[in-house]
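Remarks on the structure that follows.
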Amino acid sequence: MLAVDSTRYCVLTRTTPQPIDVKSSSLEAELRAILVDKSVCYGNFTLASGAQSDFYVDAKLTTSNPRAALLVGRIGWRIVKETATARSLHVDSIGGLTMGADWMALSIGIAAYLDSPSSDIQTFSVRKSAKEHGRHKRIEGNFSEGQTVVVVDDVITTGDSTLQAIEAIEEAGGRVAFVIVLVDRQEGGRQAIENGGHAVVPIFSRTDLIGTNADRRSHTAVA
């Protein structure tokens, strides 16, 4: 989701980092706090469609942060294991459309390896268009035809970027197991993806980040 803003502010809080207990049930609470501190922005934003919004999640400030990346990895890998087990699926690789998915996929892949080196989970990135030189690939990294993959994205609004990734993966002969998204803006994206037959597991929703009482009228823009 792209945005150009004229006036904006993000909530930034400087705190002293504490050791991360990767087995703690409060990992989500810590990751949510980082998202709110680093990524939740208010102001006037022009989204990719040209529509206006007064709320923006600059999620890459979180997913590219090493401390938050560790949390994203641990939480994401837990979701992969639990959801795959519930659906009796074997997952081969994790990825999505560049660049919203890139840091998330690698974080989850590293967490998978640290938890179980024998799992052999790989990661990949879907280009927005095929490379015009070299091997002319649309999908970069460790993906091959016939694999079952988990698609990830940092933020979904309409779901278009996630659907682009799914389309590219399926055209290349991959099978999509399900989708994990860091933040669901609750503006129809999840439903659009699920209408296409793919389950979506959000780590956080818009409500989780800014509460239930915020005015939603200006948050229906398309991105």
Side-chain angles (χ1 to χ4, degrees), residues 1-15 17-18 20 24-49 51-80 83 96-97 99-105 107-108 151-162 178-194 199-223:
M1 181 176 67
L2 303 177
V4 177
D5 54 297
S6 54
T7 59
R8 56 167 270 181
Y9 67 90
C10 297
V11 181
L12 296 174
T13 302
R14 303 298 182 190
T15 58
Q18 299 298 320
I20 296 174
S24 170
S25 61
S26 64
L27 294 183
E28 285 88 347
E30 183 171 2
L31 180 57
R32 176 189 174 279
I34 295 173
L35 269 166
V36 170
D37 287 347
K38 294 183 70 67
S39 297
V40 173
C41 304
Y42 301 92
N44 298 319
F45 300 94
T46 302
L47 303 181
S49 64
Q52 300 297 308
S53 178
D54 59 8
F55 167 68
Y56 183 61
V57 181
D58 193 354
K60 295 170 189 62
L61 290 173
T62 294
T63 57
S64 65
N65 174 271
R67 181 176 177 82
L70 176 59
L71 295 166
V72 169
R74 296 292 184 178
I75 294 166
W77 175 230
R78 187 187 69 213
I79 292 171
V80 170
T83 308
L97 193 71
M99 57 183 301
D102 295 347
W103 285 311
M104 280 189 66
S107 293
I108 296 172
V151 174
V152 296
D153 210 343
D154 57 358
V155 179
I156 54 171
T157 303
T158 64
D160 283 352
S161 62
T162 306
F178 50 89
V179 175
I180 298 174
V181 59
L182 180 60
V183 179
D184 174 12
R185 280 181 56 119
Q186 298 177 292
E187 295 178 19
R190 178 176 181 178
Q191 183 177 358
I193 297 165
E194 292 183 338
V200 178
V201 184
I203 298 176
F204 300 106
S205 68
R206 171 187 180 278
T207 301
D208 293 328
L209 299 185
I210 66 173
T212 59
N213 297 321
D215 181 7
R216 295 189 58 137
R217 290 175 298 176
S218 59
H219 298 290
T220 56
V222 176

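Computed from a predicted model, the values in this text were never measured in an experiment. Count residues from 1 along the sequence.
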### Query
Heavy-atom distance under 4.5 Å between the side chains of Val155 and Tyr56, does that happen here?
no
Here the pair of heavy atoms bringing Pro202 nearest to Arg190 is CG-NH1, 3.5 Å
Taken in chain and number order and not counting sequence neighbours, the residues that satisfy side-chain contact (heavy atoms from CB on, under 4.5 Å) with Ala101 are Val152
Applying salt bridge (Lys or Arg N to Asp or Glu O under 4.0 Å) to Arg32 and not counting sequence neighbours gives none
Taking every heavy atom of Leu27 against every heavy atom of Arg74, the minimum-distance pair comes out as CD1-CB, 4.0 Å
Taken to the nearest 0.5 Å, the spacing of Phe178 CZ from Ile79 CD1 works out to 8.5 Å
> Are Ile210 and Tyr42 close enough that some pair of their side-chain heavy atoms sits under 4.5 Å apart?
Replying inline: yes
So OG of Ser107 and CG of Leu182: to nearest 0.5 Å the spacing works out to 10.5 Å
When every non-hydrogen atom of Thr63 is compared with those of Met104, the smallest separation belongs to CG2-CG, 3.9 Å
Distance col, row Asp184:CG vs Ile203:CD1, nearest 0.5 angstrom, shows 11.5 Å
### Query
Is a donor on one side and an acceptor on the other found under 3.5 Å between the side chain of Gln186 and the backbone of Thr207?
yes
Note: Ile193 and Val179 closest approach over all heavy atoms is CG2-CG2, 4.1 Å
Whether Arg206 and Glu187 form a salt bridge (side-chain N of Lys/Arg under 4.0 Å from carboxylate O of Asp/Glu) is what I want to check.
no
Value for OG (Ser64) from CG (Asp102), rounded to nearest 0.5 Å, stands at 11.5 Å
On a heavy-atom basis, the closest approach of Phe45 and Cys41 is CZ-CB, 3.8 Å
Taking every heavy atom of Val36 against every heavy atom of Leu209, the minimum-distance pair comes out as CG2-O, 3.8 Å
Those residues at least two apart in sequence (or on a different chain) that pass side-chain contact (heavy atoms from CB on, under 4.5 Å) with Gln191 are Asn195
| Under 3.5 Å, is there a donor-acceptor pair between the Asp153 and Thr162 side chains? | yes
Residue pair Thr62 / Asn65, side-chain donor-acceptor N/O under 3.5 Å:
no
One should read off an interatomic distance between Asp154 CG and Ile180 CD1, to the nearest 0.5 angstrom, of 13.5 Å
